[in-house]
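Taking it in order: structure first as structure tokens, then the write-up.
No experiment lies behind these values; they were computed from the predicted model shown. Naming convention: chains lettered A, B, ... in sequence-line order (proteins, then strands); numbering from 1 in each chain.
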Amino acid sequence: MSKKLVLIDGNSIAYRAFFALPLLHNEKGIHTNAVYGFTMMLLKILEEEKPTHMLVAFDAGKTTFRHQTFSEYKGGRQKTPPELSEQFPFLRELLDAFQIPRYELENYEADDIIGTMSLQAEKEGYEVKVYSGDKDLTQLSSERTTVGITRKGITDIEVYTPEHIEEKYGLTPQQIIDMKGLMGDQSDNIPGVPGVGEKTAIKLLKEFHTVEELLQSIDQVSGKKLKEKLTEFKEQAIMSKELATILREAPVDVQIGDIQFKEYDKEKLIALFKELGFQSLLNKIDDPDEAAADDAVLEDIDFAMVEEIKEEILVCPSYFYVEVLEDNYHYADILGFSLVNEKGAFFISHSLALNSPIFKAWAEDETKKKIVYDAKRSEVVLRHHGIHLSGVSFDLLIASYLADPSETIEDIASIAKRYGVSDVQSDDVFYGKGAKRSVPEEKLLAPHLVRKALVLSQLEEKLQEELKSNHQLELFYDLEMPLSLILADMESQGVKVDRERLLAMGEELKGRLAQLEANIYSLAGETFNINSPKQLGVILFEKLGLPVIKKTKTGYSTSADVLEQLEQSHEIIAEILHFRQLGKLQSTYIEGLLKVVNSKTDKIHTIFNQTLTQTGRLSSTDPNLQNIPIRLEEGRKIRQAFVPSESGWVIFAADYSQIELRVLAHIAGDEKLIQAFKEGMDIHTKTAMEVFHVEKDEVTSNMRRHAKAVNFGIVYGISDYGLSQSLKITRKEAGNFITRYLESYPKVKDYMEDIVREAKQKGYVTTLLHRRRYLPEITSRNFNLKSFAERTAMNTPIQGSAADIIKKAMIDMAERLKTEGLQTRLLLQVHDELIFEAPPEEIEKLKLIVPEVMENAVELKVPLKVDYAYGPTWFDAK
DNA sequence: GGGCACACGC
DNA sequence: GACGTACGTGTGCCCG
């Protein structure tokens, strides 16, 4: 590994951070802005540079050897503000927690320590990075050393290489010293030569190279005044250069070997961050445990490689693990199986198992109970081998998700680690990640898989108990577990796609995009990449001079809401918006979908992630079939390509009307809201009447639009800021709307207050069917984190209960289709709607039973309402 | 390979 | 007063 040394000018960065940030302080009133900024910078450096060695240098005392040369060196400096001084002890603690060596040296400045260490490191072949807020340090720049100087703020850094210095000043890094010698430095009180500034200094150095050469050839200098000054302040120039020269041979008693950087002390760092109130940073720091766990030595385990499948080992209950490595399991191979039960622990190779009738019979036997990880995945892959997994009694993946949805589950090891079981490696470590991923030979693979089954055996009871104490057993056994089987069916079934239709739409789009492109180029007067926000920004805001409305971190914002505001200013804007719209359709929906169509069956098989969202909703990937366009007619046509898989069948779609607001009415028990739903009123109109205190026939379309946005905000838990953005009104006006909404529905207001109080007291909120979401940040002193947690507390029971209800409806629906003996198949779920394909003769029945089942999935204080439609394609089911 | 800007759905 | 404002997925660009 290449060696990289990072040297930081501690005092300088602390000063920069102090003045760049507002005077933040923690709850005890200790100022923290310099430490905060310093930490931000350290995290950035660690992430970007990944140094092998590191040192932070500090100035030691007031006087240095430079004061012997010039007693007024650094004279006239403002005293360090006490608000900054009080932060230095924390800065030292911070570095100790990061386990980054720090160093100061009597009589020398931080610069000299850095100059000395960088020279030593260069000689030993290190790559060196220096960070400071002081441009003087750029003189250290060389082939091996680059110098980063903070520009403004704290993490915006200008990098000085010799090339950059040449470009910027036309000088070499060494000449930076000469420049300082001539022009002086106000902040260090280095006098230089009066009347010589940066421009003159550079001009002189380009001609005479160094101060010494210049002073020997003063008579060749053009300009009488300049000559006089140079002659008069000759000595002062030499002294100034000397003062500005960073020492590269200070008596530093540190060897590079002593300042290796490995990792930070997480516990100390967390404790310190907590003390300082750095909430946001607590989430930012990586877990060094992971790295440690990677190298942890696993204890040997006892297991057998199964050579022949016999019934004796296939007893129940069994902890049964099926290994499939690919994310997309629809076309993936099974790598092997492991089994743990009272007969012992076993590895079974895929070829052995998949060719064994005994294995198949066991896997399909409902009465043979299996405890698994990710039943849906196991089920789908086994189906490709003609095996229908049955008798799954416990799915660790789902149990873990229900216990705490905020924990990201990568693989079985991530769950094991969370519950203190460490005898299994993560897949990233075992198989490698990215391009390095590979499957080892069976001998090595076997123990990894057996360890996973062992984890199942160790955690089943624990999770079971946790679910029980959370009152989630019903949610687990009667909702999510059965649902996973239904989802497996839906995924395996797939959705048929009319490829010809997609191809034809693609051809048409191609032509229109080409036209738009040509038109945009001609309006811009040049060609460029319209898909590049950066290039587009230059064209719009520099070349065409349109007003800059919003900026992003990296440049001009060219988002749709910005462009819409510019639409009247230039005709190119409308073209660009249209280009974007069609481009999105082409790349994501035409090309993207064509890529994932099974060429043999013309079907698309999505994967529903059942254990990801914080609210209990499903998500869909590979491809995402939950975001197929509908809002704009052009995009909606994509749905014409989604067709039934049997000829003559139809697509039948049913959706809940206003399910979230109905759930809100129920949970809050607000009479007005309940009444409105009972009477079948248009809820946005009703809200407009209440909020604007008008009669039904006085509600204008604008009033309804505003009311709709407020309802939307309630459903999704957006802030006054979010509402103000969507309605293009001020934050204050948005806040007013929300206040008036809550006055209109007083029980809703009570609910909002109660739920936040409850969340604070219990640490979590729950849904109708006891789904749980923890909200630790609700007690945060950080206003944003706290506000966010409060909105989440209000919103999750609403959105999560709606998710519970449709999941319940899916289960009831599957059951009903079976008992009615129907061929109709459920294909997709899109949060509040279910999409089926059905033979025409079943339509009349579906019209009755689909709404009936969905509307009666649960009983609320308000009726649930379901609308449905059907047609030859998904497009027509509207 | 990863971060960013953007856009689609609910 | 601020570290940033519903969630989740996918695409292309652009950097290293």
Classify the nucleic acid contact of [X] as base, sugar-phosphate or nothing, counting any heavy atom under 4.0 Å across all strands shown.
X         : result
Gln725(A) : nothing
Ile630(A) : sugar-phosphate
Arg631(A) : sugar-phosphate
Thr792(A) : nothing
Tyr721(A) : base
Ser557(A) : sugar-phosphate

Using modelled atom types only, decide if a donor and an acceptor are shared between the side chain of [X] and the backbone of [Y] within a distance under 3.5 Å.
X         : Y         : answer
Thr767(A) : Arg771(A) : yes
Gln535(A) : Asn529(A) : yes
Glu491(A) : Phe608(A) : yes
Glu567(A) : Leu563(A) : no
Gln610(A) : Glu480(A) : yes
Lys786(A) : Thr779(A) : no

key: Ser620(A) and Thr606(A): CA distance, side-chain angles, deciding distance, side-chain hydrogen bond (donor to acceptor under 3.5 Å, both in side chains) verdict   = CA-CA 6 Å; Ser620(A) 157; Thr606(A) 185; 2.8 Å; yes
query = Can the positive tip of Lys878(A) be found less than 6.0 Å from the middle of the six-membered ring of Phe875(A), inside 45° of the ring normal?
reply =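 Yes, Lys878(A) and Phe875(A) form such a contact.
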query = Within 45 degrees of the axis of the six-membered ring of Tyr721(A) and under 6.0 Å from its centre: does Arg731(A) put its NZ or CZ there?
reply =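 No, cation not above the ring by the 6.0 Å, 45° rule.
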query = Among dC3(C), dT5(C), dC10(B), which is the nearest nucleotide to the side chain of Arg791(A)?
reply =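 Of the options given, the side chain of Arg791(A) lies nearest dT5(C).
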Short N/O separations, protein against nucleotides 1-4 of chain B, under 3.5 angstrom:
from: dG1(B); atom 1: OP1; to: Ala435(A); atom 2: N; distance (Å): 3.4

query = Which parts of nucleotides 10-16 of chain C does protein reach within less than 4.0 Å, heavy atoms only, written one letter per nucleotide 5' to 3' as B for base, S for sugar-phosphate only and - for none?
reply = BSSSSS-
inquiry  = What stems show up for DNA chain C when you take Watson-Crick pairs (N1-N3 plus N6-O4 or O6-N4) and G-U wobbles (N1-O2, O6-N3), both under 3.5 Å, and require three or more consecutive pairs?
reply    =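 Counting only runs of 3 or more consecutive pairs, the stems involving DNA chain C are B:1-9 with C:7-15.
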query = Do Phe737(A) and Tyr741(A) have ring centres separated by under 6.0 Å?
reply =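 So the answer is no for these two rings.
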